[in-house]
Each structure stands twice: as structure tokens, then as C-alpha cells.
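Some notes on the structure that comes next.
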Amino acid sequence: MTVIGLVFTIKTHYAFHEETLARDDFEDISQHYFERLDQVILEDDQICEYQLEGMRNGVRGHYTPVEPVSAYFSELVEQILRGGDDA
């Protein structure tokens, strides 16, 4: 059996103080909160997917070769290991 992909649904609930829920304009203003909170969840999901992909790609260490900072630290480590004065 080959698993091609998984599909799942996560239900999200939000909590508000009772006095906030009791506001006359809660239905109107709550939509702004829901939109923002939904955006945060979407961003977190994307970050988690990116993080998991990085864990599966076999690259070890803090930085991957595609990150500009990787070249800087690689050169710095080489200079230190050589005992260079320009480190």
C-alpha cells in the first residue's frame, strides 16, 4: 500500500471573556478577531510544514546551504580551524 497524502481537519475554537461576549457590538467586532486569528493559524501551519520538510531533507546543523548566513559561518569555522588571524 502506498500513501499518497493525508487530509485532515482541525477544528479551532476561540475564547473570549464574558464581558466581551456581552458587548452589543460583539458580532460586528468579533469578525476582525476571527480573521486575524485564522491568519495566525494559517501562518503557523505553513511554518510547521516548512519545519517538518527541513527535518526530512537530511541536512544537519543550524543552517542549510541555501541560507546566506550559512556561507558566512562556514567560512568563519574554517578560519578558526585553520587558526587564522582573520577570524
Side-chain angles (χ1 to χ4, degrees):
M1 179 174 82
T2 302
V3 177
I4 295 174
L6 299 174
V7 177
F8 57 91
T9 301
I10 297 174
K11 288 189 174 188
T12 305
H13 300 278
Y14 303 108
F16 292 94
H17 291 281
E18 288 183 23
E19 57 270 12
T20 303
L21 293 170
R23 290 177 56 137
D24 292 335
D25 60 349
F26 178 75
E27 288 298 319
D28 296 327
I29 65 167
S30 64
Q31 297 311 307
H32 300 290
Y33 290 103
F34 295 143
E35 288 172 15
R36 178 64 186 128
L37 293 169
D38 289 345
Q39 179 64 32
V40 168
I41 290 171
L42 175 62
E43 291 170 1
D44 286 351
D45 289 349
Q46 292 168 341
I47 291 167
C48 288
E49 289 174 11
Y50 182 74
Q51 185 80 16
L52 289 173
E53 181 61 33
M55 293 172 67
R56 287 191 295 261
N57 72 11
V59 175
R60 299 287 185 250
H62 296 285
Y63 303 103
T64 66
V66 297
E67 295 179 271
V69 72
S70 173
Y72 169 78
F73 282 112
S74 294
E75 184 178 326
L76 181 63
V77 168
E78 287 178 25
Q79 290 176 7
I80 290 170
L81 292 176
R82 285 194 313 262
D85 293 331
D86 53 349

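Please read these numbers as outputs of a predicted model, since none were measured by experiment.
For residues 23-44, every residue pair satisfying the salt bridge (charged side-chain N to carboxylate O under 4.0 Å, His left out) rule, not counting sequence neighbours, is listed here: Arg23-Asp25.
Leu21 belongs to a hydrophobic cluster whose remaining members, ordered by chain and number, are Tyr14, Phe16, Phe26, Ile29, Tyr33, Phe34, Leu37, Ile41; membership requires side-chain heavy atoms of ILVMFWY residues under 4.5 Å apart, directly or through intermediates. Listed by chain and number, the hydrophobic cluster partners of Leu42 come to none, as no ILVMFWY side chain reaches under 4.5 Å of it.
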